[in-house]
Structure formats: C-alpha cells, structure tokens
Amino acid sequence: MESLEEAPQLWQSLSGTLMTNDINDGKPAEESAACIALSKNDCYVISASDRKVSLFNMMTFNVMEMFIPPPPAATFLAFHPHDNNIVAFGMEDSTIQIYNVRADKIKFLT
C-alpha cells in the first residue's frame, strides 16, 4: 500500500538566507522558551525565543519587525484567523497579550 505522506521540505530563500532567532548568550538555549506561528496566508512567520519576538516576511526571509515585549517571555504565538496584523502572545505567567503589528502596540492585556 502506498503512503500518502510527503517528505518535509525546507523553505529557503533563493539567496540562501535563513531565518534565525536572536538568543540570549547568557542563558542556555534549552532554558529559553521558543515558539513559532505561520500566518494564514503563509506570508509571515512570527517567532519568539527567550524575550525577543521577530516577524519575518516569508517572501524575502527578512526580519520585518523585532521587539521585546515586557516580561515574562512569550511561550505561545498565534495570528488572528482573519487579520494577519493581530497576534496573540501567551506569556510564561499565563497572561495573554494581543499585539497589533501595524500599530506597533499591545492592544489588550488579559
């Protein structure tokens, strides 16, 4: 019986540029929370590592925005299903921050 599974593919820009997170040199990588979310239209990736959050353009693989939200660190990221400019951050202390990328500010804290 044939398998319908496909082998995973590495997305890479034509220039060979890789998307990488900045990490805290003073903290071991295994102790840093890391998470990633892909926008519904596959144009953007948002990634968090330790307290740094980066928004990448999937067409150019360039960082569009990098910011450090107030402590604690983000442990979960999700794009709004109908608006790629709205991102939810789940934080280490169980709070949720709603961030508006276009306005570059936190909209809500819960």
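Only a predicted model underlies this, so the values are computations on that prediction, with no experimental measurement involved.
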Point-to-point distance, once rounded to the nearest 0.5 Å, from [atom1] of [X] to [atom2] of [Y]:
X	Y	atom1	atom2	result
Ser54	Glu65	OG	CD	9.5 Å
Asn85	Ser39	CG	OG	10.0 Å
Phe79	Leu38	CZ	CG	7.5 Å
His80	Lys40	NE2	NZ	10.5 Å
Asn41	Met58	CG	CE	10.5 Å

For this session: Please name the pair of heavy atoms, one in Asn57 and one in Thr60, separated by the smallest distance, quoted to 0.1 Å.
Result: OD1-N, 3.2 Å

Problem set entry | For Ala74 against Cys35, the heavy-atom pair lying closest together | O-SG, 4.0 Å

Is any side-chain heavy atom of [Y] closer than 4.5 Å to one of [X]?
X	Y	result
Leu77	Ile36	no
Val53	Ile46	yes
Phe61	Phe56	no
Leu55	Val63	no

For this session: Tell me, please, which residues at least two apart from Asp93 pass side-chain contact (heavy atoms from CB on, under 4.5 Å).
Result: Pro72, Met91, Thr95

Exercise. In terms of heavy-atom contacts, does OH of Tyr44 have more than 12 from other residues, nucleotides or ligands at under 6.0 Å?
Worked result: no

Exercise. Who passes side-chain hydrogen bond (donor to acceptor under 3.5 Å, both in side chains) against Asn100, sequence neighbours left out?
Worked result: none

Exercise. Can you get from Ile96 to Phe76 by hopping between Ile, Leu, Val, Met, Phe, Trp and Tyr side chains that sit under 4.5 Å apart?
Worked result: no

